[in-house]
Enquirer: 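Mind looking over this structure? Questions follow.
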Protein chains: 2
Amino acid sequence: MNSSRSDLSEILRQQRVMMSLTLGELAEKSGVSASHLGRIERRERFPSGRILRRLAKPLGFEENELFALAGYLSPTPSSVAEESPAYVGRRLDPYVARMLAQEPVDVQRAVIGILSILKSLAGSMAGERDRQ
Amino acid sequence: MNSSRSDLSEILRQQRVMMSLTLGELAEKSGVSASHLGRIERRERFPSGRILRRLAKPLGFEENELFALAGYLSPTPSSVAEESPAYVGRRLDPYVARMLAQEPVDVQRAVIGILSILKSLAGSMAGERDRQ
DNA sequence: GGGGTGAGTTGCCATTTGGCGAAAAATATG
DNA sequence: CATATTTTTCGCCAAATGGCAACTCACCCC
């Protein structure tokens, strides 16, 4: 978790120099103070997300790109491949959560209502079957 | 700009509740102290990128997704373009989340299946009615 | 030589972050 | 109802962030 990932600071400075911006100009464009920028470039400070975000456009970066460079994002976001093993227990599946969250709350509640009806139905049917 | 973009904090809390994790458990999984997590959820603290990143996987988020929700990234960077806005718009009712989380994952998924069937049914019925 | 002028750096400080441990509030058990 | 036990919140503190103003270091012109 160290700075060996080809150093955001270096990249920032290089990009700034390439666009032939001074610290002051970049400060003006980005709304981040020049002194802070300077310290970031020589890694005396580590920019928060807020700052990083303000720097992206003035330097011609995509925001995600910068975040990735900063190590905030993993280099390969890939996709939702590896999520199951941890959550098998009695947790709400993220996919399910996402789907349901798209519905209005009353629909969500109705779904729970239907579920409990089905469960009690299943319960009584099992009871009948057992009784026979 | 405004922190009111549907409140990361709320989303974090809801997602945690959805997965029926306690602050302590999430703390353990994410390596962020429980007290800090608590304060983030009730927006007394605003998580840095580092913290946000640690929270993503334990909560079943894609990192970019979380960053987008936090307002660090612009709303539609690329990949997660379609699910984020919906997710941002509506939220999963905590009661519903609790109820569903008690069921095994396949039951949860079945519930979603039933819901989508009902929705498509309702859709086609509305279509027929309109046509007449 | 003595002054500007523009760039980067440093000193200082208010504010925020984030962790640890204790208090308080909920929940579970008797 | 009391009382363990878990879960959340609070108090406090060290460390980090980020801005302002002052400083240094060139370079240029007179």
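Convention: sequence-line order gives letters A, B, ...; per-chain numbering from 1.
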Enquirer: Can you name the closest pair of heavy atoms from A/Ala27 and A/Ser33 and give their distance?
Expert: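 Heavy atoms only, the tightest pair is CB-C, 4.0 Å.
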
Enquirer: Quick one: B/Glu41 CD to C/dT17 P, roughly how many Å, whole number?
Expert: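 After rounding, the reported distance stands at 16 Å.
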
Enquirer: Specify the residues of residues 17-28 of chain A, ordered by number, for which at least one heavy atom lies under 4.0 angstrom from an atom of DNA chain D.
Expert: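 By residue number: none to list.
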
Enquirer: Counting only side-chain nitrogens and oxygens, does A/Arg13 get under 4.0 Å of the OP1 or OP2 atom of C/dG8?
Expert: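 No.
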
Enquirer: On a heavy-atom basis, which atom in A/Glu25 and which in A/Thr22 lie closest, and how many Å separate them?
Expert: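 Closest heavy-atom pair between A/Glu25 and A/Thr22: OE1-N, 2.8 Å.
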
Enquirer: Please find the pair of heavy atoms, one from B/Ser30 and one from B/Arg54, that lie closest to each other, and give the distance.
Expert: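 Nearest pair, atom of B/Ser30 first, then B/Arg54: O-CD, 3.3 Å.
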
Enquirer: Does the pair B/Phe46 and B/Ile40 meet the rule for a side chain to side chain contact (heavy atoms under 4.5 Å, CB included), with working shown?
Expert: CA-CA 6 Å; B/Phe46 300 92; B/Ile40 287 172; over 6 Å; no

Enquirer: What nucleic acid atoms does B/Arg43 come within less than 4.0 Å of, heavy atoms only: base, sugar-phosphate, or nothing?
Expert: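 No contact at all - B/Arg43 keeps every heavy atom at 4.0 Å or more from the nucleic acid.
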
Enquirer: Determine whether more than 12 heavy atoms belonging to other residues, nucleotides or ligands lie under 6.0 Å from atom CD of B/Glu28.
Expert: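 Count not over threshold, so no.
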
Enquirer: Using a cut-off of 4.0 Å between protein heavy atoms and nucleotide atoms, how would you tag nucleotides 12-17 of chain D 5' to 3' with B, S and -?
Expert: B----B

Enquirer: Is A/Glu63 paired with A/Lys57 through a side-chain N to carboxylate O contact shorter than 4.0 Å?
Expert: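 A salt bridge links A/Lys57 with A/Glu63.
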
Enquirer: Give the rounded distance in Å between these two atoms: CG of A/Leu37 and P of C/dG8.
Expert: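 Result: 10 Å.
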
Enquirer: Testing the basics here: between A/Leu26 and A/Arg16, what is the closest heavy-atom pair and its distance to 0.1 Å?
Expert: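 Minimum heavy-atom separation between A/Leu26 and A/Arg16: CD2-CD, 3.8 Å.
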
Enquirer: Could you state the atom-to-atom distance from CD1 of A/Ile40 to P of D/dG18 in whole Å?
Expert: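 It works out to 6 Å between those atoms.
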
Enquirer: Could you say whether A/Ala34 or B/Gly38 is positioned toward the 5' end of DNA chain D, judged by the nucleotide with the nearest heavy atom to each?
Expert: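 The answer here is B/Gly38.
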
Enquirer: To check you understand the geometry: which heavy-atom pair defines the closest contact between B/Met19 and B/Gly60, and what is its length?
Expert: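 Closest approach of B/Met19 to B/Gly60: SD-N, 4.5 Å.
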
